[in-house]
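Convention: sequence-line order gives letters A, B, ...; per-chain numbering from 1.
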Amino acid sequence: AQTVTQSQPEMSVQEAETVTLSCTYDTSESDYYLFWYKQPPSRQMILVIRQEAYKQQNATENRFSVNFQKAAKSFSLKISDSQLGDAAMYFCAYRPLYGNKLVFGAGTILRVKS
Amino acid sequence: KAGVTQTPRYLIKTRGQQVTLSCSPISGHRSVSWYQQTPGQGLQFLFEYFSETQRNKGNFPGRFSGRQFSNSRSEMNVSTLELGDSALYLCASSQTMGEQFFGPGTRLTVL
């Protein structure tokens with residue numbers, strides 16, 4: 001069975017600084033998808049970024065980028081120029097190539113200090 | 001396009017009762033997935049429905065069931081409620097196998 005591990009329960013970053021959230025996963029599949037979701041206090045899950053495992057290029061969405069290391073099964077999220085609105089719980093998630101079942105990590109609470 | 005809607009948003013039940021939660025997907029989306037979120041267990045996959053058929057199921061007891069209607073709206077039912085069923089229940093919709101869009105969730109409290 002696939003598992004996703006987020007080893008940082010909580011992280012803090014100063015406004016305008018850069019922070020990296022860690023995620024490792026375990027799977028025997030060669031093709032799959034990885035995601036980072038953001039869940040603010042409203043509890044609305046919002047997709048931040050996605051990565052297809054067959055793509056070697058790391059995904060980027062504005063201030064958000066990932067470092068995808070397939071061999072190491074590592075998928076970290078870098079948030080640049082952190083803003084107060086980035087404060088939320090961040091979940092790393094795995095999805096197999098077929099089907100819509102997401103396997104989530106335990107989450108990392110990100111606090112942004114002004 | 002309207003987003004995923006879930007009703008009701010909040011629900012209080014007592015042990016032994018049953019509950020039905022509803023999810024209306026984004027127009028055109030045929031897949032609906034359900035997740036349970038608790039402080040202790042985190043986010044766990046319950047099941048996925050696609051074109052009225054259950055396509056995948058998580059590791060939950062038979063008290064948890066669901067269905068999907070021809071208009072893609074989905075319901076999940078929990079019978080014989082237990083205290084441990086208190087959770088935020090999230091539903092997500094997607095096209096065949098695309099990005100999943102989540103609803104705001106239903107907060108269920110079992111007393």
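- Cation-pi geometry between A/Arg95 and A/Tyr33 is met: under 6.0 angstrom from the ring centre, within 45 degrees of the axis.
- Under the 30°/60° scheme for interplanar angles, the aromatic rings of B/Tyr49 and B/Phe47 are found to stand perpendicular.
- For A/Gln6, no part lies under 4.5 angstrom from a heavy atom of chain B.
- Looking at B/Gln44, neither its backbone nor its side chain comes within 4.5 Å of chain A, counting heavy atoms on both sides.
- The number of heavy-atom neighbours closer than 6.0 Å to CG of B/Asn59, taken from other residues, nucleotides and ligands shown, is 12 or below.
- Using a 4.5 Å cut-off between heavy atoms, B/Leu90 touches chain A through its side chain atoms alone.
- Of the atoms belonging to A/Phe91, it is side-chain heavy atoms, and not backbone ones, that fall under 4.5 Å from chain B.
- In terms of heavy-atom pairs under 4.5 Å with chain A, the best-connected choice from B/Pro104, B/Gly58, B/Gly42, B/Ala92 is B/Pro104.
- Other residues, nucleotides and ligands contribute only 12 or fewer heavy atoms inside 6.0 Å of the CD atom of A/Gln56.
- For B/Gln100, the parts sitting under 4.5 Å from any heavy atom of chain A are the backbone and the side chain alike.
- Side-chain rings of A/Tyr94 and A/Tyr32 approach one another, their centers coming within less than 6.0 Å.
- For B/Tyr35, the part lying near chain A is the side chain, with the backbone staying farther off; criterion is any non-hydrogen pair under 4.5 Å.
- Residue B/Leu88 touches chain A through its side chain alone, counting heavy-atom pairs closer than 4.5 Å.
- Considering all non-hydrogen atoms of both residues, B/Cys23 and B/Pro25 come closest at O-CD, 3.7 Å.
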